[in-house]
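Letters A, B, ... are given to chains in the order of the sequence lines, protein chains preceding strands, and every chain is numbered from 1. None of the values given here were measured: they were computed from a predicted structure.
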Number of protein chains: 2
Amino acid sequence: MNRESANERLVRYGVKPSVQRIAIMDYLLANRTHPTADEVYSALCPSIPTLSKTTVYNTMKLFVENGAALMLTIDDKTARFDGDTSLHAHFICKQCGKVHDLPFTGRKRAGSFQLDGHLVEEVHHYYKGVCSQCQEGACPSS
Amino acid sequence: MNRESANERLVRYGVKPSVQRIAIMDYLLANRTHPTADEVYSALCPSIPTLSKTTVYNTMKLFVENGAALMLTIDDKTARFDGDTSLHAHFICKQCGKVHDLPFTGRKRAGSFQLDGHLVEEVHHYYKGVCSQCQEGACPSS
DNA sequence: ACCCAACTTTGTAACGATTACAATTTTAAA
DNA sequence: TTTAAAATTGTAATCGTTACAAAGTTGGGT
(Lines give C-alpha, C1' and ligand atoms only; values in the text may rest on other atoms or scores of the structure.)
Protein backbone atom coordinates (compact mmCIF):
# COMPACT_ATOMS: atom_id res chain seq x y z
CA MET A 1 0.00 0.00 0.00
CA ASN A 2 1.44 3.35 -1.10
CA ARG A 3 1.87 6.29 1.19
CA GLU A 4 -0.60 9.10 0.65
CA SER A 5 0.74 11.68 -1.77
CA ALA A 6 1.35 15.26 -0.78
CA ASN A 7 -1.39 16.37 -3.11
CA GLU A 8 -3.89 13.90 -1.69
CA ARG A 9 -3.04 15.01 1.80
CA LEU A 10 -3.60 18.66 0.96
CA VAL A 11 -6.98 17.86 -0.56
CA ARG A 12 -7.94 15.71 2.41
CA TYR A 13 -7.25 18.62 4.75
CA GLY A 14 -9.03 21.17 2.59
CA VAL A 15 -5.92 22.98 1.38
CA LYS A 16 -6.05 24.01 -2.24
CA PRO A 17 -2.96 22.53 -3.89
CA SER A 18 -0.35 24.58 -5.73
CA VAL A 19 3.14 23.82 -6.94
CA GLN A 20 4.66 25.37 -3.83
CA ARG A 21 2.25 23.78 -1.38
CA ILE A 22 2.70 20.34 -2.86
CA ALA A 23 6.47 20.69 -2.81
CA ILE A 24 6.45 21.82 0.82
CA MET A 25 4.08 19.09 1.96
CA ASP A 26 6.05 16.58 -0.02
CA TYR A 27 9.20 17.68 1.76
CA LEU A 28 7.51 17.35 5.14
CA LEU A 29 6.28 13.86 4.34
CA ALA A 30 9.60 12.68 2.95
CA ASN A 31 11.79 14.29 5.61
CA ARG A 32 10.74 13.47 9.12
CA THR A 33 13.44 15.73 10.55
CA HIS A 34 11.05 18.36 11.97
CA PRO A 35 12.59 21.05 9.77
CA THR A 36 12.49 24.77 10.36
CA ALA A 37 10.93 27.09 7.78
CA ASP A 38 14.41 28.06 6.73
CA GLU A 39 15.47 24.47 6.23
CA VAL A 40 12.43 23.82 4.07
CA TYR A 41 13.17 26.93 2.07
CA SER A 42 16.82 26.01 1.53
CA ALA A 43 15.94 22.47 0.55
CA LEU A 44 13.35 23.48 -2.02
CA CYS A 45 15.10 26.49 -3.50
CA PRO A 46 17.11 24.44 -6.02
CA SER A 47 14.00 22.85 -7.48
CA ILE A 48 11.78 25.94 -7.20
CA PRO A 49 14.18 28.86 -7.70
CA THR A 50 11.44 31.46 -7.45
CA LEU A 51 10.32 30.22 -4.06
CA SER A 52 10.06 32.89 -1.42
CA LYS A 53 10.70 32.41 2.26
CA THR A 54 7.47 34.26 2.94
CA THR A 55 5.63 31.59 1.00
CA VAL A 56 7.12 28.92 3.21
CA TYR A 57 5.95 30.76 6.31
CA ASN A 58 2.51 31.43 4.85
CA THR A 59 2.16 27.83 3.76
CA MET A 60 3.24 26.41 7.10
CA LYS A 61 0.70 28.61 8.82
CA LEU A 62 -1.97 27.39 6.42
CA PHE A 63 -1.03 23.75 6.97
CA VAL A 64 -1.15 24.13 10.73
CA GLU A 65 -4.48 25.96 10.65
CA ASN A 66 -5.93 23.16 8.59
CA GLY A 67 -4.46 20.41 10.71
CA ALA A 68 -2.26 19.12 7.91
CA ALA A 69 0.94 19.72 9.89
CA LEU A 70 2.05 20.49 13.42
CA MET A 71 4.11 23.38 14.67
CA LEU A 72 6.52 22.31 17.38
CA THR A 73 7.69 24.77 20.00
CA ILE A 74 10.27 22.40 21.39
CA ASP A 75 13.13 24.56 20.10
CA ASP A 76 13.45 27.94 21.74
CA LYS A 77 15.33 29.31 18.75
CA THR A 78 12.85 28.64 16.00
CA ALA A 79 9.60 26.95 15.09
CA ARG A 80 9.79 23.44 13.71
CA PHE A 81 7.24 21.63 11.62
CA ASP A 82 6.04 18.06 11.51
CA GLY A 83 4.04 16.48 8.73
CA ASP A 84 3.19 13.58 10.98
CA THR A 85 0.12 14.69 12.89
CA SER A 86 -0.39 11.43 14.70
CA LEU A 87 -0.03 11.47 18.47
CA HIS A 88 3.64 11.11 19.40
CA ALA A 89 6.22 12.76 21.62
CA HIS A 90 9.40 14.63 20.69
CA PHE A 91 12.94 14.73 21.97
CA ILE A 92 15.35 17.58 21.27
CA CYS A 93 19.08 17.35 21.81
CA LYS A 94 20.45 20.35 23.64
CA GLN A 95 23.82 19.82 21.97
CA CYS A 96 23.12 19.21 18.31
CA GLY A 97 19.57 20.54 18.15
CA LYS A 98 18.17 17.53 16.30
CA VAL A 99 14.60 16.50 17.07
CA HIS A 100 13.61 12.84 17.29
CA ASP A 101 10.25 11.15 17.54
CA LEU A 102 9.32 9.13 20.59
CA PRO A 103 6.22 7.10 21.32
CA PHE A 104 3.46 8.91 23.18
CA THR A 105 3.10 7.40 26.62
CA GLY A 106 0.34 9.54 28.07
CA ARG A 107 -3.36 8.97 28.04
CA LYS A 108 -4.66 9.18 24.48
CA ARG A 109 -7.75 11.28 24.00
CA ALA A 110 -9.55 11.91 20.73
CA GLY A 111 -9.63 15.41 19.28
CA SER A 112 -10.12 18.20 21.80
CA PHE A 113 -11.33 17.86 25.35
CA GLN A 114 -11.95 19.86 28.51
CA LEU A 115 -9.31 19.90 31.23
CA ASP A 116 -9.56 22.01 34.36
CA GLY A 117 -12.10 24.19 32.58
CA HIS A 118 -9.86 24.79 29.59
CA LEU A 119 -10.50 23.48 26.11
CA VAL A 120 -7.45 21.51 25.08
CA GLU A 121 -6.90 21.33 21.33
CA GLU A 122 -3.26 20.21 21.21
CA VAL A 123 -1.10 18.06 23.45
CA HIS A 124 2.66 18.32 23.19
CA HIS A 125 5.06 16.07 25.06
CA TYR A 126 8.62 17.36 24.81
CA TYR A 127 11.75 15.73 26.18
CA LYS A 128 15.02 17.66 26.27
CA GLY A 129 18.49 16.30 26.87
CA VAL A 130 21.42 14.73 25.05
CA CYS A 131 20.79 12.42 22.10
CA SER A 132 22.43 9.03 21.75
CA GLN A 133 24.83 10.27 19.08
CA CYS A 134 26.00 13.22 21.14
CA GLN A 135 26.41 11.02 24.20
CA GLU A 136 28.97 9.06 22.20
CA GLY A 137 30.63 12.32 21.27
CA ALA A 138 29.70 11.56 17.70
CA CYS A 139 27.37 14.37 16.73
CA PRO A 140 28.47 16.07 13.52
CA SER A 141 26.78 19.42 14.10
CA SER A 142 27.22 20.71 17.60
CA MET B 1 5.61 27.43 57.71
CA ASN B 2 6.95 30.30 55.67
CA ARG B 3 7.74 30.03 52.02
CA GLU B 4 11.43 29.91 51.18
CA SER B 5 12.78 33.38 50.48
CA ALA B 6 14.23 34.34 47.14
CA ASN B 7 17.64 34.72 48.71
CA GLU B 8 17.49 31.30 50.35
CA ARG B 9 16.46 29.76 47.08
CA LEU B 10 19.37 31.32 45.21
CA VAL B 11 21.81 30.05 47.81
CA ARG B 12 20.25 26.62 47.76
CA TYR B 13 20.80 26.42 44.01
CA GLY B 14 24.33 27.77 44.16
CA VAL B 15 23.55 31.17 42.65
CA LYS B 16 25.42 34.03 44.28
CA PRO B 17 22.77 36.55 45.36
CA SER B 18 22.70 40.16 44.25
CA VAL B 19 20.09 42.87 44.43
CA GLN B 20 18.96 42.15 40.89
CA ARG B 21 18.97 38.37 41.22
CA ILE B 22 17.00 38.46 44.45
CA ALA B 23 14.46 40.84 42.96
CA ILE B 24 14.02 38.68 39.87
CA MET B 25 13.72 35.44 41.83
CA ASP B 26 11.36 37.13 44.23
CA TYR B 27 9.20 38.17 41.31
CA LEU B 28 9.18 34.63 39.94
CA LEU B 29 8.18 33.19 43.29
CA ALA B 30 5.48 35.77 43.95
CA ASN B 31 4.04 35.79 40.42
CA ARG B 32 3.20 32.37 39.10
CA THR B 33 2.17 33.83 35.75
CA HIS B 34 5.05 32.33 33.77
CA PRO B 35 6.27 35.77 32.76
CA THR B 36 8.44 36.64 29.80
CA ALA B 37 11.80 38.35 30.31
CA ASP B 38 10.19 41.55 29.17
CA GLU B 39 7.38 41.26 31.70
CA VAL B 40 9.87 40.70 34.49
CA TYR B 41 11.86 43.70 33.32
CA SER B 42 8.81 45.96 33.16
CA ALA B 43 7.58 44.85 36.54
CA LEU B 44 10.90 45.47 38.30
CA CYS B 45 11.94 48.66 36.54
CA PRO B 46 10.00 50.93 38.91
CA SER B 47 11.76 49.51 41.97
CA ILE B 48 15.17 49.07 40.32
CA PRO B 49 15.35 51.91 37.81
CA THR B 50 18.87 51.02 36.69
CA LEU B 51 17.86 47.49 35.77
CA SER B 52 18.86 46.43 32.30
CA LYS B 53 16.95 44.05 30.12
CA THR B 54 20.21 42.27 29.42
CA THR B 55 20.52 41.55 33.12
CA VAL B 56 17.12 39.95 33.12
CA TYR B 57 18.11 37.71 30.22
CA ASN B 58 21.48 36.89 31.81
CA THR B 59 19.89 36.17 35.13
CA MET B 60 17.19 33.94 33.68
CA LYS B 61 19.85 31.97 31.86
CA LEU B 62 21.79 31.60 35.09
CA PHE B 63 18.71 30.46 37.00
CA VAL B 64 17.85 27.87 34.38
CA GLU B 65 21.41 26.57 34.21
CA ASN B 66 21.41 26.14 37.97
CA GLY B 67 17.99 24.54 38.08
CA ALA B 68 16.47 27.39 40.05
CA ALA B 69 13.91 28.14 37.35
CA LEU B 70 12.46 26.60 34.21
CA MET B 71 12.33 28.00 30.72
CA LEU B 72 9.08 27.16 28.98
CA THR B 73 8.92 26.92 25.21
CA ILE B 74 5.15 26.65 25.16
CA ASP B 75 4.79 30.07 23.57
CA ASP B 76 6.13 30.33 20.03
CA LYS B 77 6.50 34.08 20.37
CA THR B 78 8.77 34.28 23.38
CA ALA B 79 10.40 32.34 26.18
CA ARG B 80 8.53 32.16 29.47
CA PHE B 81 9.96 31.43 32.89
CA ASP B 82 8.67 29.49 35.87
CA GLY B 83 10.04 29.69 39.39
CA ASP B 84 8.18 26.51 40.24
CA THR B 85 10.50 23.70 39.24
CA SER B 86 8.30 20.92 40.55
CA LEU B 87 6.90 18.50 38.00
CA HIS B 88 3.73 19.93 36.50
CA ALA B 89 2.15 20.53 33.10
CA HIS B 90 1.28 23.80 31.37
CA PHE B 91 -1.63 25.08 29.36
CA ILE B 92 -1.44 28.08 27.02
CA CYS B 93 -4.46 29.86 25.66
CA LYS B 94 -4.20 30.49 21.94
CA GLN B 95 -6.46 33.52 22.30
CA CYS B 96 -5.16 35.47 25.28
CA GLY B 97 -1.74 33.88 25.57
CA LYS B 98 -1.96 33.29 29.30
CA VAL B 99 -0.25 30.19 30.69
CA HIS B 100 -1.82 28.11 33.43
CA ASP B 101 -0.48 25.28 35.56
CA LEU B 102 -1.99 21.83 35.33
CA PRO B 103 -1.20 18.69 37.27
CA PHE B 104 1.33 16.36 35.69
CA THR B 105 -0.40 13.16 34.69
CA GLY B 106 2.45 11.24 33.13
CA ARG B 107 4.81 8.81 34.72
CA LYS B 108 7.00 10.59 37.25
CA ARG B 109 10.71 9.82 37.05
CA ALA B 110 13.43 11.24 39.24
CA GLY B 111 16.11 13.45 37.72
CA SER B 112 17.31 12.40 34.29
CA PHE B 113 16.87 9.03 32.66
CA GLN B 114 17.54 7.16 29.44
CA LEU B 115 14.79 6.86 26.86
CA ASP B 116 15.25 5.25 23.46
CA GLY B 117 18.99 5.75 23.85
CA HIS B 118 18.66 9.46 24.60
CA LEU B 119 19.47 11.03 27.95
CA VAL B 120 16.36 12.91 29.03
CA GLU B 121 17.03 15.83 31.37
CA GLU B 122 13.75 17.72 31.10
CA VAL B 123 10.16 16.69 30.52
CA HIS B 124 7.65 19.26 29.32
CA HIS B 125 3.94 18.59 28.94
CA TYR B 126 2.23 21.39 27.09
CA TYR B 127 -1.48 21.75 26.36
CA LYS B 128 -2.70 24.36 23.90
CA GLY B 129 -6.25 25.54 23.39
CA VAL B 130 -8.78 28.04 24.69
CA CYS B 131 -8.80 28.91 28.40
CA SER B 132 -11.95 28.94 30.50
CA GLN B 133 -12.11 32.74 30.54
CA CYS B 134 -11.80 33.05 26.77
CA GLN B 135 -14.40 30.33 26.26
CA GLU B 136 -16.83 32.58 28.11
CA GLY B 137 -15.76 35.43 25.86
CA ALA B 138 -14.44 37.12 28.96
CA CYS B 139 -10.72 37.40 28.34
CA PRO B 140 -9.49 40.96 28.77
CA SER B 141 -6.42 40.73 26.57
CA SER B 142 -7.02 38.94 23.34
C1' DA C 1 41.12 51.47 55.04
C1' DC C 2 43.29 50.24 50.41
C1' DC C 3 44.20 47.56 46.32
C1' DC C 4 43.32 44.43 42.95
C1' DA C 5 41.22 40.75 40.51
C1' DA C 6 37.06 38.58 39.66
C1' DC C 7 32.50 39.04 39.02
C1' DT C 8 28.14 41.73 37.80
C1' DT C 9 25.61 44.95 35.61
C1' DT C 10 24.66 47.98 31.99
C1' DG C 11 23.78 50.11 27.27
C1' DT C 12 24.28 49.76 22.56
C1' DA C 13 24.60 47.47 18.57
C1' DA C 14 24.00 43.38 16.03
C1' DC C 15 21.51 39.30 14.84
C1' DG C 16 17.95 36.26 13.30
C1' DA C 17 13.27 34.58 13.02
C1' DT C 18 9.01 36.12 11.71
C1' DT C 19 5.50 39.24 9.85
C1' DA C 20 3.43 43.29 7.27
C1' DC C 21 2.62 45.01 3.14
C1' DA C 22 2.14 46.15 -1.57
C1' DA C 23 3.14 44.59 -6.11
C1' DT C 24 3.09 40.88 -9.29
C1' DT C 25 1.62 36.54 -10.95
C1' DT C 26 -1.47 32.74 -11.22
C1' DT C 27 -5.89 30.52 -11.05
C1' DA C 28 -10.41 29.49 -12.27
C1' DA C 29 -15.01 30.74 -13.19
C1' DA C 30 -18.16 33.31 -16.16
C1' DT D 1 -11.20 36.03 -23.17
C1' DT D 2 -12.17 38.65 -19.31
C1' DT D 3 -11.90 39.42 -14.78
C1' DA D 4 -11.97 39.02 -9.87
C1' DA D 5 -10.12 36.34 -6.27
C1' DA D 6 -6.34 33.90 -4.57
C1' DA D 7 -1.45 32.88 -4.27
C1' DT D 8 3.23 34.20 -4.52
C1' DT D 9 6.97 37.23 -4.18
C1' DG D 10 10.49 40.70 -2.42
C1' DT D 11 11.37 44.25 0.64
C1' DA D 12 11.18 46.42 4.73
C1' DA D 13 9.88 46.42 9.39
C1' DT D 14 9.35 44.29 13.91
C1' DC D 15 10.66 42.09 17.95
C1' DG D 16 12.97 38.78 21.01
C1' DT D 17 17.46 37.68 22.08
C1' DT D 18 22.51 37.83 22.23
C1' DA D 19 27.34 39.84 21.68
C1' DC D 20 30.30 42.86 23.35
C1' DA D 21 32.82 46.25 25.74
C1' DA D 22 32.59 49.66 29.27
C1' DA D 23 31.45 50.79 33.93
C1' DG D 24 30.33 49.43 38.49
C1' DT D 25 30.56 46.29 42.51
C1' DT D 26 32.39 42.84 45.62
C1' DG D 27 35.49 40.48 48.71
C1' DG D 28 40.03 38.85 50.11
C1' DG D 29 44.65 39.96 51.31
C1' DT D 30 47.60 43.50 52.84
Side-chain angles (χ1 to χ4, degrees), chain A residues 6-7 10-11 13-27 34-66 68-69 71-81 92 94 97 99 141, chain B residues 6-7 10-11 13-27 34-66 68-69 71-81 92 94 97 99 141:
Chain A
N7 182 69
L10 293 184
V11 171
Y13 281 100
V15 174
K16 195 195 325 179
S18 73
V19 171
Q20 291 86 344
R21 290 173 182 177
I22 291 171
I24 292 172
M25 177 55 77
D26 197 54
Y27 185 82
H34 317 89
T36 65
D38 194 70
E39 285 165 357
V40 173
Y41 170 76
S42 299
L44 297 182
C45 248
S47 49
I48 311 179
T50 64
L51 184 64
S52 161
K53 203 174 282 189
T54 299
T55 298
V56 177
Y57 278 106
N58 289 343
T59 302
M60 287 306 182
K61 186 167 176 238
L62 185 71
F63 286 179
V64 171
E65 283 168 356
N66 285 270
M71 174 190 286
L72 307 183
T73 61
I74 195 175
D75 188 337
D76 58 308
K77 304 291 179 194
T78 171
R80 293 182 169 277
F81 298 93
I92 188 169
K94 293 177 180 181
V99 175
S141 57
Chain B
N7 183 68
L10 293 184
V11 171
Y13 281 101
V15 175
K16 188 175 4 156
S18 73
V19 171
Q20 291 86 345
R21 289 172 183 178
I22 292 171
I24 292 172
M25 178 54 78
D26 197 55
Y27 185 82
H34 318 88
T36 65
D38 196 69
E39 284 165 358
V40 173
Y41 171 76
S42 299
L44 296 182
C45 248
S47 49
I48 311 180
T50 64
L51 185 65
S52 161
K53 202 174 282 189
T54 299
T55 299
V56 177
Y57 278 105
N58 289 342
T59 302
M60 288 306 183
K61 186 168 176 236
L62 186 70
F63 287 0
V64 171
E65 282 168 356
N66 285 270
M71 175 191 284
L72 309 182
T73 60
I74 194 174
D75 187 336
D76 59 308
K77 304 293 180 192
T78 172
R80 292 181 169 276
F81 299 93
I92 189 169
K94 293 178 180 180
V99 175
S141 56

What contact category does [X] fall into here, base, sugar-phosphate, or nothing, at under 4.0 angstrom with non-hydrogen atoms?
X        : result
Asp38(B) : nothing
Thr36(B) : nothing
Thr78(A) : sugar-phosphate

Tell me: [atom1] of [X] to [atom2] of [N], nearest whole Å?
X        : N       : atom1 : atom2 : result
Tyr57(B) : dG16(C) : OH    : C1'   : 13 Å
Leu10(A) : dA7(D)  : CG    : C1'   : 14 Å
Ile24(A) : dT9(D)  : CD1   : P     : 9 Å
Lys77(B) : dA20(C) : NZ    : C1'   : 12 Å
Glu39(B) : dT17(D) : CD    : C1'   : 15 Å
Asp75(A) : dT17(D) : CG    : P     : 13 Å
Tyr41(B) : dT10(C) : OH    : C1'   : 10 Å
Gln20(A) : dT24(C) : CD    : P     : 18 Å

Problem - Within 6.0 angstrom of Lys61(B) NZ, more than 12 heavy atoms from elsewhere - result: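 Check fails, neighbour count at 12 or below.
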As a test of reading the structure: which of [options] is closest to the side chain of [X], going by heavy atoms?
X        : options                  : result
Ala79(A) : dT8(D), dT18(C), dT18(D) : dT18(C)
Ser18(A) : dA17(C), dT8(D), dT10(C) : dT8(D)
Thr54(A) : dT8(D), dT10(C), dG10(D) : dG10(D)
Arg21(B) : dA6(D), dT8(C), dT10(C)  : dT8(C)
Ser52(A) : dA7(D), dT8(C), dT9(D)   : dT9(D)

Handout entry: Atom pair CE (Met25(A)) and CE (Met60(A)), whose distance is rounded to the nearest 0.5 Å
Key =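 These two atoms lie 8.0 Å from each other.
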Problem - DNA chain D: 5'-proximal contact among Leu62(A) and Lys61(B) (nearest heavy atom) - result: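 Here Leu62(A) is the residue nearer the 5' end.
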Exercise for the section: Would you mind telling me which residue lines up with the more 5' stretch of DNA chain D, Thr55(A) or Asn58(B), judged by nearest nucleotide? Expected result: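 Its nucleotide being nearer the 5' end, the pick is Thr55(A).
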Indicate the atoms forming the closest heavy-atom contact of [X] with [Y], along with that distance.
X        : Y        : answer
His34(B) : Arg80(B) : O-NH1, 2.8 Å
Leu51(B) : Tyr41(B) : O-CE1, 3.4 Å
Asn66(A) : Tyr13(A) : O-CD2, 3.3 Å

